[in-house]
Peer 1: 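First the structure, then my questions, so here it is.
Fair warning: this is a prediction, and the values are worked out from it, not measured in the lab. Per chain, numbering begins at 1; letters A, B, ... match sequence-line order.
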Number of protein chains: 2
Amino acid sequence: MPTGGKADWLALRLRQAIADGRLAVGSRLPPTRVLAAELRVSRGVVTEAYRRLTEDGHVEGRRRGGTVVVAAPAVPPLAPTGTRPFRRPLTVTGDTVDRAVPGARFTTGSTADRAMPGALFDGEPGADVFDALRAIRVRVDFTPGQPDLAAFPRAAWLRAERAVLAELSADNLGYGDPRGAPRLRRAVAGWLARSRGIRVEPEEVLIVAGTAQALTLLHPVLRADGIDGVAVEDPGSLGTRQHLRNGDLATPPVPVDDGGVRVDALRATGARAVLLTPAHQFPTGVVTSGERRRELLRWAQDGGLILEDDYDAEHRYDRPPVPALRALLADRVCYMGSVSKLLAPALRIGWMVPPPRYRDALTDAKRFTDLGNAVLPQLVLARLMESGDLERHLRLLRGRHSRRRDAMIDAVAEHLPGAIVHGAAAGLHLTVTYTPQVPDTELAAAALARGVKCQPLSWHRQLPGRPGLVLGYAAGPPGVIAEGVAALGEALRELA
Amino acid sequence: MPTGGKADWLALRLRQAIADGRLAVGSRLPPTRVLAAELRVSRGVVTEAYRRLTEDGHVEGRRRGGTVVVAAPAVPPLAPTGTRPFRRPLTVTGDTVDRAVPGARFTTGSTADRAMPGALFDGEPGADVFDALRAIRVRVDFTPGQPDLAAFPRAAWLRAERAVLAELSADNLGYGDPRGAPRLRRAVAGWLARSRGIRVEPEEVLIVAGTAQALTLLHPVLRADGIDGVAVEDPGSLGTRQHLRNGDLATPPVPVDDGGVRVDALRATGARAVLLTPAHQFPTGVVTSGERRRELLRWAQDGGLILEDDYDAEHRYDRPPVPALRALLADRVCYMGSVSKLLAPALRIGWMVPPPRYRDALTDAKRFTDLGNAVLPQLVLARLMESGDLERHLRLLRGRHSRRRDAMIDAVAEHLPGAIVHGAAAGLHLTVTYTPQVPDTELAAAALARGVKCQPLSWHRQLPGRPGLVLGYAAGPPGVIAEGVAALGEALRELA
């Protein structure tokens, strides 16, 4: 092979190692001399491969720091399988690499092979199951619950941050209002009015570090109000259920049908509070019907409390989102939302609009928990909301996500014949149920072994029901989605 | 008065209103026509005053948005008192102003006059006392616990943020490691080794939202370990004591003398855990002696747990800071630090190095509390630590703070004869005790009425002791410090 061809080949392999995390951002590539000796190629081949990675922005030369990985590609390139052109496996050496990935090796198999996917899906999932699943690098990531992160508006964020830093008074850098920066509370009130039909004063908005924190703050407040359990939808989010249980709250299940949560069954539990995802039920995607909304509000007026998790309602494709329940019954609904599905989960910014009687206790809880969210990102987000940048971003996302959703629906029709697709009207994921008597945890494990990550529907159930998969479609382009669903089809056929 | 003189005068008044928050950042100035009519001056006077504020960066003209306040001066200009040249009080109108400061008026008195300072210092301080004190705008702010915020390295922060956004992979914008971004954990491990003598692996570092959150995460972990009380220093931080009590932990007091906390008294409480500020005791400023450190470590080896709050140890002026206790006894010390005193409290970033046996439980607690700190600011901070920018900033702060400390010591000698200054070797505040039989809450209230904000020492005591004031010197230049201490002297003479 000519030097150019070998360099091409080595650059491709290195890109893959960066993409799937074997070479983490921040780690150092081996010195060219060392790698050339390892691979028994000329040093020129390695230098040339490093040059290509530098040009496409993956690595950066630092004089004494060597060559360092600075960025991973948004979407891992699909690896051709079965090729093994290195004469022997290459152990990557160097401090940083060793620390990031102990014993890291270039291999051609999937990283998932080494992660014991079976164990992950065995038995009752623990509190760290999402961390464990996230840590596994794969070809195709169908994990539900995040938008297309490659679309994050980096330029707009930086522009807004520059403006915030320029205009900020020194006072704003001290300890702040635990309820959130006044400017963001105003911006969120405006956002909720425009996009969710909720009319609130900024004083009613509490800025929190996402919905997980909203629940943490609620636990003691609910218990002080005599509430020792929160009914949950079934199917319904495993993460939410784990969270409530961690707060010593029981989670009686209430079945969901095509109209939403069944209010007769809710009444039968005797629970005084219920956690709902009414705009786009997780994971079934059901949009609560008008009739069911009226029933729910009657239940709440009789003394029930609704915790409304409005996690992805802005992502509605065919018509405007239904208004939040909070818009109809302020006193009996505690509303929760965040930017996790609008911008990025990594920002850890969300908001609550609690019933007035809980407001002071929640402020105290937020103060003790962390004295309030960090101020700079709050002000940056406020500017993005005020300037219309966030609305523009959401429009861009909607277009992109709806094409990916359509690609997934088509691929399911082609590769999983007989499967039923649920919840396509909104959101960032589909739920697919299927008939063969294959437990969905086994299917998810087999998919992971094929380099496709998704969640089994049974994780999100307390009551028995059909097996299925919860498939996020926001992260990858249509081609990758089709490839991933094809792999699911293969896995299912093999197991059935 | 000529037009120029009136414009000067109006510009000064507007600057004061911006400085003390009556005109909040983000609020709109009245239209020139309206203000001119209100003041019965020509419109040219108002236009000229607005032009001056625009030139010095306080306000900005926005075409349809009118003239908007964009920045408050770092240090409020001292108002000449007693002048009242407006013919009648001016009611500022306009949506934003009304919302920010209901019924805002230009008056020549101090804002504190209207805040009922007496009530604030009456009785046992509640959980919101620091919020209430912070909300009062004054001429001179001696609130302890924050560095010079005007020195915040805005340019370096923005530069680092740009680099982070450029090199970030999309993966990093998803849900992250609840223990913190690996890159920051590495940077913090390096920082602790260089500046605090603590050798830890990055895996031992847990990134949290400041020390308040560290305590929140610890509460259930301590209780699960059978610990139902945490002994505290006396005098010792009121905020910390409130926090522990909110977590249902008892806080038996242990006296502090010139060597630090008294270990014999600590043994006598029978408490299994103690919260200490050994590098620079809050609020007395005592640096724990070598002898006392050895005694403490013996106590810990006998089964005691030390919660080490290392809140401002980096600010040591005359020689290098003493190493952290954690450096000596990893198994029995839970170390806590943050950037609140290094950069700004508003960032809400801190770290813990817990004893190994608590690590998993704290990770679970952090996950449930907020799924981990926001990622972008973690990566920005990591860059500032790696690049040396943070160390350069700390050197700059040390020089500036030591001049301010000296100015405060001089002013105390001049205006508070007979008072004793404690804890000048390090930190960002002094504690001053005095002999006259004036309760320090009364003195603090009288100071607030004079436009000087500080904390009474008795807030930070459970045991009886001499009255005193806790005076932060980091926020203002020497001239303002001298002026503020002079006002304290006047107040004390009047009350004695």
Peer 1: Identify the heavy atoms of A:A150 and B:A170 that sit nearest to each other, and give their distance.
Peer 2: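 For A:A150 versus B:A170, the nearest heavy atoms are N-CB, 3.8 Å.
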Peer 1: First locate atom NE2 of A:H243, then atom OG1 of B:T369, and finally report the distance between them rounded to the nearest 0.5 Å.
Peer 2: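 Between A:H243 NE2 and B:T369 OG1, I get 7.0 Å after rounding to 0.5 Å.
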Peer 1: For A:R241, give me all partners under salt bridge (Lys or Arg N to Asp or Glu O under 4.0 Å), at least two apart in sequence or on another chain.
Peer 2: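 Residues passing salt bridge (Lys or Arg N to Asp or Glu O under 4.0 Å) with A:R241: none at all.
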Peer 1: With rounding to the nearest 0.5 angstrom, report the CZ to CG distance, A:F152 to B:L376.
Peer 2: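 Output value for this atom pair is 5.5 Å.
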Peer 1: Where on B:D131 is there a heavy atom nearer than 4.5 Å to chain A: the side chain, the backbone, both, or neither?
Peer 2: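 B:D131 touches chain A through side-chain heavy atoms alone.
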Peer 1: Which residue out of B:G210, B:P377, B:G174 racks up the most heavy-atom pairs below 4.5 Å with chain A?
Peer 2: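 Of the candidates given, the most pairs with chain A belong to B:G174.
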Peer 1: What distance do B:D364 atom CG and A:Q242 atom CD have between them, rounded to the nearest 0.5 Å?
Peer 2: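 The CG atom of B:D364 sits 10.0 Å away from the CD atom of A:Q242.
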Peer 1: Heavy-atom cut-off 4.5 Å, strictly under: side chain, backbone, both or neither for B:S340 against chain A?
Peer 2: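 When you check distances to chain A, only side chain atoms of B:S340 fall under 4.5 Å.
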Peer 1: Taking non-hydrogen atoms and a cut-off under 4.5 angstrom, which of residues 155-165 of chain A neighbour chain B?
Peer 2: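 A:W157, A:L158, A:E161, A:R162, A:L165 fall under the 4.5 Å cut-off.
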Peer 1: Got a sec, which residues hit side-chain contact (heavy atoms from CB on, under 4.5 Å) with B:D177, two or more places apart in sequence or on another chain?
Peer 2: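 B:D177 satisfies side-chain contact (heavy atoms from CB on, under 4.5 Å) with B:R179, B:R185 only.
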Peer 1: Please look at A:P182 and chain B and tell me whether the side chain, the backbone, both or neither of the residue comes under 4.5 angstrom of a heavy atom of that chain.
Peer 2: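 For A:P182, neither part sits under 4.5 Å from chain B.
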Peer 1: For the side chain of A:R134 and the backbone of B:G176, is there at least one donor-acceptor N/O pair under 3.5 Å apart?
Peer 2: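 Flag set: sc A:R134 to bb B:G176 pair under 3.5 Å.
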Peer 1: Does any heavy atom of chain B fall under 4.5 Å from the side chain of A:D141, the backbone, both, or neither of them?
Peer 2: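 For A:D141, neither part sits under 4.5 Å from chain B.
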Peer 1: Taking only heavy atoms into account, what residues of residues 213-220 of chain A are found under 4.5 Å from chain B?
Peer 2: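 The list, in residue order, reads A:Q213, A:T216.
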Peer 1: When rounded to the nearest 0.5 angstrom, what distance separates CG in B:D370 from CG in A:D370?
Peer 2: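 One gets 7.0 Å once the value is rounded to the nearest 0.5 Å.
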Peer 1: Side chain, backbone, both or neither: which part of B:D148 has a heavy atom under 4.5 Å from chain A?
Peer 2: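 No part of it gets close to chain A.
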Peer 1: Quick check for you: among B:Q378, B:R183, B:R154, which has the greatest number of heavy-atom pairs under 4.5 Å with chain A?
Peer 2: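 Option with the greatest count: B:R154.
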Peer 1: Could you tell me the separation between the OH atom of B:Y175 and the CG atom of A:L149, rounded to the nearest 0.5 Å?
Peer 2: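 It comes to 10.0 Å.
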Peer 1: Within the 4.5 Å heavy-atom criterion, are A:R348 and B:N373 side-chain neighbours or not?
Peer 2: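 A side-chain contact under 4.5 Å is absent here.
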Peer 1: To the closest 0.5 Å, what do you measure between CG (A:D128) and OG1 (B:T363)?
Peer 2: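 Here the interatomic distance stands at 9.5 Å.
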Peer 1: Could you have a look at B:I349, B:L347, B:N246 and say which one has the most heavy-atom pairs with chain A under 4.5 angstrom?
Peer 2: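 Top count of heavy-atom pairs under 4.5 Å with chain A: B:N246.
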